[in-house]
Amino acid sequence: MSVLSGCATYQQDIEAGLSLAKAGEWKEAEGKLEEVLDSKQDKLLYYMEIGALAQNQGDYARSNTLLEQAEKLSDTFFPENFSNRSWALLSNPRQSDYRGSGLERVYISYLKSMNYLALAKQEKDTIKKRQLSDAALVEVRRIDIKLNEIRAQNPSYQDLNARENQAFYKDALSWLGDFYTGGRDTDKFLYRDDAWARYMEGLQYEIDGEYDDARISYQKAANLYQDGYAKQYALSATTSERAWLDAIRMMQKGGFSQSEIDAQIQAKLSPAMQDILKQYHPDDAELVVLEHQGFIPDKSEMSLLLYADPRAYSLVLEPLHGGGTIEENDAFRWFTMVYADINPLNLIANYKAGGAWGTFSGIFTKRVILGRPVWQQLQSMDVDKLLTEQTIRVTVPYYRRFTLDQQQPTLHISDTITSSNQGMRMSSLADIAFQEQLAQAQRDIYEGLIRELLRSWLAYQVTSNVKDDSASLILNLIGQVAVFASSAADTRNWLMLPAQIRLTREPLAAGSYTPEYRVNRHTFSLGKTQLDAKKITLWNLRNPY
């Protein structure tokens, strides 16, 4: 029961820390999360969470020290520790080292680059300022390397688009192959590249005066947005136009011919974007606001009941119904979206097991067809008896429904000047995390099934070898309760990442301004700021609301 108690305390403390962060109480949130993330298994998570909170407090040097430790751990965790993994299989997955996701690895470097830019802005010494700017570019190149690694492992947007246009017979073969993957094409949900991270590469190269590298990065971002990134994560099509606009500006600064520039303007920019491009003049300053808003959703646990269906040589998983609360309804919707039996092989098995009603009931269950040979092996180990004599609980992670803030921000440059360029949502980390969980959901459910079967079987073997019937009965009851109650899912993720990122860029005449950023009844002030000619001033704004 100590494992169960530990899990409950962990979740409560995480929620407490998150609530403090959502109120903008960064230091208090850091104290709470330091308490709960004190185990060896959570070391990577500790460095990421506390590193992000240190940045939010303006402690950029400490933030980078913490995030550098996260960088090292995120690389060394790839060869998984076997004993660590085995213990997690016998207890619960939170006992294994937290390994992080591809998204989290990329945003470690992203936050570090923001820290170096902030430190460079504060530094007075020219040599040290240059060193810090160079360090920011090092992180940009790390982002590029990480994204290239992710791209190499996953199909590109071009690959997915080619599939949609393939011949019918190939489509049909792919459809048949989906029988054994739950009938779901998880490739569509994969994090395969990051248009916003590519855009930020371009912005940092532009800040550093490396205009050709900036052009290349902006163009990569534009292509990604239009090839599928914007559609996958429900972003506006104008995200691609914004990136093309900045790529064209780099062409202007990089000495391209006017005919080449005009051709790109006509091909890539709408009349509205062409008007924005005309706002830029050679001696202008520019204020760039990066609003990192909200928080990536936290995961919840869903409980499933596992039982046997000997007639169909199958194992069946069914959601544990507990009422009609919003969370329980979300869990049930997740189950039907991700796990429910929709492929023909499972529909047939459901029909054989329960007639017409059995087919219909498949939308409320997930069936794992083992076949007769495997079922006979389970019988030889008395697993079939185990499944008929007791209830087994399998727990999997899922995301509850969430909504992103849709308010339109406004940038007030001074008392008399308001930005004419609206803030634009350029990335939704919340949607990326949600879809990554969809992509790995089948793995989660099978790992959970195996874990709980193994734990229940070991407890069953202990009690079945006790000669005294009364003692055996008591031990069996205790074992069932302990295993059932201690079932858990790994709900860890980097919670201090923002839910979404909005961009506002405003070219201005050089001078002194007091910018204010207003969104959803909250006002943020940059204070009195000098904007220098031909320079970009970056405002890294963390909006917790």
Side-chain angles (χ1 to χ4, degrees), residues 11-34 36 48-60 63 103-104 107 110-111 114-115 118 196 200 233-236 239 287-300 326-327 330 399-413 418-419 421-434 493-506 514-527 529 537-545:
Q11 198 63 38
Q12 290 166 2
D13 287 346
I14 286 290
E15 290 289 347
L18 186 56
S19 294
L20 289 166
K22 287 179 177 179
E25 297 177 13
W26 306 120
K27 189 172 182 61
E28 293 79 1
E30 179 178 335
K32 177 58 69 174
L33 291 181
E34 277 186 326
V36 66
M48 293 191 302
E49 300 286 25
I50 306 305
L53 286 166
Q55 181 182 102
N56 297 345
Q57 295 170 65
D59 197 345
Y60 304 115
S63 175
L103 172 72
E104 291 171 352
Y107 277 81
Y110 177 91
L111 293 190
M114 293 290 101
N115 283 332
W196 170 247
M200 279 302 301
Y233 300 119
L235 304 171
S236 168
T239 52
L287 178 61
V288 178
V289 185
L290 307 180
E291 183 204 353
H292 298 87
Q293 186 272 327
F295 296 87
I296 212 162
D298 54 323
K299 295 180 186 178
S300 294
I326 292 175
E327 185 166 348
D330 286 351
Y399 279 115
R400 289 167 291 192
R401 283 177 293 167
F402 61 87
T403 55
L404 295 175
D405 178 71
Q406 302 294 333
Q407 296 295 315
Q408 181 59 53
T410 57
L411 176 61
H412 298 262
I413 311 300
T418 299
S419 172
N421 300 324
Q422 291 189 337
M424 185 182 301
R425 187 159 66 100
M426 299 293 284
S427 185
S428 171
L429 276 67
D431 282 297
I432 294 173
F434 177 85
N493 62 328
W494 189 359
L495 294 172
M496 291 303 116
L497 286 176
Q500 62 180 336
I501 302 171
R502 291 188 280 222
L503 169 74
T504 306
R505 300 190 71 155
E506 185 67 24
T514 308
E516 286 188 345
Y517 188 87
R518 300 173 188 173
V519 59
N520 205 12
R521 301 187 300 278
H522 295 283
T523 299
F524 303 88
S525 178
L526 185 59
T529 304
T537 296
L538 188 64
W539 185 2
N540 178 15
L541 192 160
R542 188 63 174 96
N543 174 10
Y545 307 110

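All of these numbers come straight from a predicted model, not from anything done at the bench.
Arg425 meets the salt bridge (Lys or Arg N to Asp or Glu O under 4.0 Å) test with no other residue; sequence neighbours excluded. Considering only residues two or more places apart in sequence or on other chains, Ala21 meets the side chain to side chain contact (heavy atoms under 4.5 Å, CB included) condition with Trp26, Ala29, Phe295, Met496.
Look at Asp330 and Arg400 and you find no salt bridge, because none of the NZ, NE, NH1 or NH2 atoms lies under 4.0 Å from a carboxylate O.
Checked by atom type, the side-chain pair Tyr60/Asn540 shows no donor-acceptor distance below 3.5 Å. Between the side chains of Trp196 and Tyr110, at least one donor N or O sits under 3.5 Å from an acceptor N or O.
Note on ring orientation: taking the six-membered ring where Trp is involved, the planes of Phe402 and Phe434 are perpendicular (angle over 60°, cut-offs 30° and 60°).
Put simply, CD1 on Ile14 and CD on Glu49 are 6.5 Å apart, with the number rounded to the nearest 0.5 Å. Note: Glu506 CD to Thr537 OG1 = 13.0 Å, rounded to the nearest 0.5 Å.
For His292 and Tyr107, the ring centers sit 6.0 Å or farther from each other.
For Glu516 (side chain) and Thr523 (main-chain N/O), no donor-acceptor pair under 3.5 Å exists by modelled atom type. Checked by atom type and distance alone, the side chain of Gln293 never pairs as donor or acceptor with a backbone atom of Pro498 at under 3.5 Å. The backbone N or O of Gly51 lies less than 3.5 Å from a partner atom in the side chain of Ser63, making a donor-acceptor pair.
Using a 4.5 Å heavy-atom cutoff, the side chains of Leu526 and Tyr517 are not in contact. In this structure, Glu30 and Asn56 have side chains that are not in contact, with every pair of non-hydrogen atoms separated by 4.5 Å or more. You'll find the side chain of Thr504 stays beyond 4.5 Å of the side chain of Val288, heavy atoms only. Residues Leu404 and Asp431 form a side-chain contact, since some pair of their non-hydrogen atoms from C-beta on lies under 4.5 Å apart. Between Asn493 and Tyr399 there is a side-chain heavy-atom pair separated by less than 4.5 Å.
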When you look at Gln407 and Tyr545, which way does the side-chain contact (heavy atoms from CB on, under 4.5 Å) test go after all the steps?
CA-CA 11 Å; Gln407 296 295 315; Tyr545 307 110; over 6 Å; no
Report the C-alpha distance between Leu103 and Ile296 in whole Å, list the side-chain angles of each, state the deciding distance to 0.1 Å, and finish with yes or no for side-chain contact (heavy atoms from CB on, under 4.5 Å).
CA-CA 12 Å; Leu103 172 72; Ile296 212 162; 4.1 Å; yes
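Residue-environment remark: CD (Gln57) exceeds the threshold of 12 foreign heavy atoms within 6.0 Å.
Minimum heavy-atom separation, Ile413 to Ser419: CG1-N, 4.2 Å. Scanning both residues, Leu495 and Pro297, for their nearest heavy atoms gives CD2-O, 3.9 Å.
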